[in-house]
Amino acid sequence: MVIKHVQEILNDDWIGKDVELRGWIYRKRRTGKLIFVVLRDSTDIVQCVVEKKVVGNEKFKELDKVGVESSIKISGTVAKEERAPTGYEIHVKDVEIVGPSFNFPISKDKSDEFLLDNRHLWVRSREMNAILKIRSTIFGALHDFFRENGYYETQGPMFVTGAVEGGSTLFEVPYFNRKAYLTQSSQFYLETLIFSLEKVYTVAPSFRAEKSRTRRHLTEYWHAEAEAAWYHNSDMIDDEEEMIVQIVQKVLQDRKKELKILNRDTKMLEHIEKPFERMKYEKLVDFANEHGVPMKYGDDLGADEESAITKNFDKPVFITHYPIEIKPFYHRPDPENPKVVLCHDMLAPEGYGEVIGGGERIYMLDVLLKRLEEENLNPEDYYWYVDLRKYGSVPHAGFGLGVDRLVWWIAGLEHIKYAIPYPRTIRRVKP
RNA sequence: GCCGCCGUAGCUUAGUAGGCUGGAGCGGCCGGCUGUUAACCGGCAGGUCCCAGGUUCGAAUCCUGGCGGCGGCGCCA
């Protein structure tokens with residue numbers, strides 16, 4: 001008997017043929033001498049009809065006894081059946097219970113807290129299954145983009161000794177007899193590596209001890225970062241635009257079924273093509289005020305501003321040329337207007353907001369030293385970063401992308417905690 | 001750092017101007033049913049009302065503190 005996945009046999013070619021399926025009991029209903037088992041595997045679900053007179057008294061009783069999520073092997077004949085959830089059903093000839101399950105804790109009523117406590121079991125749900133597949137596709141498409149565009153994959157350390165960005169809060173960890181921190185960005189390390197590889201990227205966790213309690217924050221999140229020698233701000237934006245379009249296309253192509261399971265309205269995703277709007281911060285202030293969000297020059301974008309702005313676009317938007325005061329020290333001041341820096345944030349549409357932050361880095365030694373001084377930072381703490389500007393510096397640019405945020409937006413999720421298998425937030429470090 | 005909300009059975013909850021035995025649905029167990037769709041019908045079991053202290057004749061209900069959790073702001077990706 002041929003072993004198949006559910007998805008493979010859900011078509012007319014299989015009608016009347018015998019198959020063996022392996023999976024888990026998703027639903028079970030008994031009516032007299034019949035048991036309807038909805039079998040789930042990684043690919044899909046299918047209804048299986050078990051008759052007492054076919055499988056025998058003993059097997060029937062055994063199957064009747066076990067609960068949902070028991071793992072089973074069943075063999076039988078495929079039939080078309082309008083009444084079955086996925087249009088086909090299996091007339092079971094034999095069933096084997098591999099790992100029984102009794103009183104599976106997750107039933108129809110579910111609170112957020114309960115599902116998070118039982119995340120190790122909830123990952124089996126159809127929704128989580130769909131999200132995890134979309135997430136896998138997104139990670140794959142990210143790697144494809146970088147590799148097809150001349151970026152080398154590399155890695156920075158997770159244990160570090162200092163902050164990359166002034167403001168962010170670091171997790172302190174004991175490191176033998178001194179202190180170390182968990183990295184919040186690999187950017188500076190990537191900058192060192194462009195002098196060897198020119199174009200580099202990494203996909204790694206970043207850690208932020210910010211006490212943020214919002215639908216778009218995790219304390220541990222997956223950070224895709226890239227850095228490229230000889231790139232200016234707009235070159236980097238070009239790459240990001242292409243990257244986002246490719247990822248969205250890939251998901252639309254490969255994950256139709258999953259997007260449907262999640263009730264994702266894909267119309268918004270289908271619009272996404274180049275070019276994206278590129279708006280200077282200065283223009284954005286006017287735009288915000290015209291759209292009922294009071295904002296004055298020098299204000300950073302808050303959640304209200306972000307969502308109000310992105311609701312007016314059906315594609316991602318790049319905001320560029322922020323005032324120098326509201327961005328970290330390493331951004332390169334615009335030679336034509338030193339009050340702003342050559343940076344960009346990409347805001348996802350539909351109110352999702354910031355997904356990418358990036359820009360051109362300062363490459364002149366004197367400019368960097370001046371900026372460190374203005375920000376009251378000690379150049380000695382950044383000696384290796386400063387060194388890069390002493391030995392054959394080149395213009396370069398880079399970005400950081402919150403991959404979980406990308407999943408959150410593309411899958412159209414309510415909260416970022418649904419975008420990652422095991423979310424880490426200020427209040428949750430288990431399971 | 002700031003603001004708001006929640007904690008009652010395995011799960012989801014009703015009950016809080018203090019008052020008799022804290023109700024229900026789902027799940028579980030027992031029985032029934034040959035086409036179910038989160039099946040249905042009958043029966044049964046199941047409670048530290050988050051914890052500690054206080055007010056009171058009397059607390060799930062009011063007060064104080066603690067623990068656990070959820071959401072939002074700020075900050076960020």
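Residue numbers begin at 1 in each chain, while the letters A, B, ... track the order of the sequences.
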Proximal nucleotide (of rG35(B), rA77(B), rU36(B)) relative to the His91(A) side chain: rG35(B)
Rounded distance in Å - CZ (Arg29(A)) to C1' (rU36(B)): 5 Å
Rounded distance (Å) that lies between atom P of rG69(B) and atom NE2 of His415(A): 14 Å
Arg216(A) vs rC73(B): side-chain N/O to OP1/OP2 distance below 4.0 Å: yes
Ring centre gap for Tyr281(A) and Phe287(A) strictly below 6.0 Å: no
Length of the line joining Tyr88(A):OH and rU36(B):P, which is rounded to integer Å: 21 Å
Phosphate OP1/OP2 of rG71(B): any Arg215(A) side-chain N/O under 4.0 Å: no
Test of ring centre spacing under 6.0 Å for Trp408(A) and Tyr352(A): yes
Phosphate OP1/OP2 of rG69(B) contacted by Arg427(A) side-chain N/O (<4.0 Å): yes
Criterion ring-ring contact (aromatic ring centres under 6.0 Å, His included) against Tyr330(A), the qualifying member of Tyr363(A), Phe188(A), Tyr385(A): Phe188(A)
Integer-rounded Å distance: rU34(B) P and Asp64(A) CG: 13 Å
Derivation and outcome, salt bridge (Lys or Arg N to Asp or Glu O under 4.0 Å), residues Lys250(A) and Asp144(A): CA-CA 11 Å; Lys250(A) 185 78 176 160; Asp144(A) 288 346; 5.3 Å; no
Protein-nucleotides 26-32 of chain B N/O pairs closer than 3.5 Å?
none

Whole-angstrom distance between rG18(B) and rU13(B), as gauged at atom C1': 22 Å
Inter-nucleotide C1' distance (rG25(B), rC40(B)), Å rounded: 15 Å
Atom-pair distance (CD1 on Ile45(A); P on rU36(B)), nearest Å: 17 Å
Under 3.5 Å: donor-acceptor pair, side chain of Arg215(A), backbone of Ile416(A): no
Donor/acceptor link under 3.5 angstrom from Thr214(A) side chain onto base of rG71(B): no
Any Arg428(A) side-chain nitrogen or oxygen under 4.0 Å from OP1 or OP2 of rC70(B): yes
Side-chain donor or acceptor of Thr183(A) paired with backbone N/O of Met158(A) under 3.5 Å: no
Any residue meeting side-chain hydrogen bond (donor to acceptor under 3.5 Å, both in side chains) with Lys4(A), in chain and number order, not counting sequence neighbours: none
Closest listed nucleotide, where the reference is the side chain of Leu34(A) and the choices are rC70(B), rA77(B), rU34(B): rU34(B)
Touch class at under 4.0 angstrom, heavy-atom based, for Leu116(A) against every strand present: sugar-phosphate
Between P of rC75(B) and CD1 of Ile426(A), the distance in whole Å: 17 Å
Sugar-phosphate, base or nothing in reach of Tyr221(A), heavy atoms under 4.0 Å: base
Verdict with reasoning, Glu113(A) to Arg427(A), per side-chain contact (heavy atoms from CB on, under 4.5 Å): CA-CA 11 Å; Glu113(A) 184 181 352; Arg427(A) 289 283 195 185; over 6 Å; no
Whole-Å gap separating P (rC70(B)) and OH (Tyr418(A)): 10 Å
Sugar-phosphate only, base, or nothing, as touched by Leu218(A) at under 4.0 Å among non-hydrogen atoms: base
Donor-acceptor pair present, Glu89(A) side chain and rG35(B) base, under 3.5 Å: yes
Ring-ring centroid check Trp384(A) Tyr189(A), cutoff 6.0 Å: yes
rA14(B) and rC6(B), which share atom name P, separated by this distance in whole Å: 11 Å
Listed once per pair and sorted, the side chain to side chain donor-acceptor pair (under 3.5 Å) pairs that draw on residues 26-35 of chain A, sequence neighbours left out: Arg30(A)-Asp64(A)
Base-paired stems that RNA chain B participates in, counting runs of 3 or more Watson-Crick or G-U pairs under 3.5 Å: B:1-7 with B:67-73, B:10-13 with B:23-26, B:28-32 with B:40-44, B:50-54 with B:62-66
Sugar-phosphate, base or nothing in reach of Asp300(A), heavy atoms under 4.0 Å: sugar-phosphate
Pairs flagged by side chain to side chain donor-acceptor pair (under 3.5 Å) wherever residues 315-326 of chain A is involved - sequence neighbours left out: Tyr322(A)-Asp345(A)
C1' gap between rG47(B) and rG10(B), integer Å: 12 Å
Sugar-phosphate, base or nothing in reach of Arg213(A), heavy atoms under 4.0 Å: base
Worked check of side chain to side chain donor-acceptor pair (under 3.5 Å) between Ser185(A) and Glu225(A): CA-CA 8 Å; Ser185(A) 165; Glu225(A) 294 177 277; 2.6 Å; yes
rG27(B) and rC67(B), which share atom name C1', separated by this distance in whole Å: 28 Å
Distance test, side-chain N/O of Ser111(A) to OP1/OP2 of rU12(B), below 4.0 Å: yes
Glu113(A) side-chain proximity, nearest of rU36(B), rG69(B), rC75(B): rG69(B)
Base rC76(B) to side chain Ser212(A), donor-acceptor N/O within 3.5 Å cut-off: no
By ring-ring contact (aromatic ring centres under 6.0 Å, His included) - contacts of Tyr201(A) (at least two apart): His143(A), Phe146(A)
5′-ward residue of the pair Ile356(A)/Pro85(A) relative to RNA chain B: Pro85(A)
5' precedence on RNA chain B between Thr425(A) and Gln47(A) (nearest-nucleotide basis): Gln47(A)
rG71(B) phosphate, OP1 or OP2, under 4.0 Å from Lys417(A) side-chain N/O: yes
Whole-Å P distance, rG43(B) and rA24(B): 12 Å
Whole-Å C1' distance, rG15(B) and rC20(B): 15 Å
OP1 or OP2 of rA77(B) under 4.0 Å from side-chain N/O of His217(A): no
P atoms of rU64(B) and rG4(B), separation to the nearest Å: 14 Å
Atom-pair distance (CG on Leu142(A); P on rA77(B)), nearest Å: 16 Å
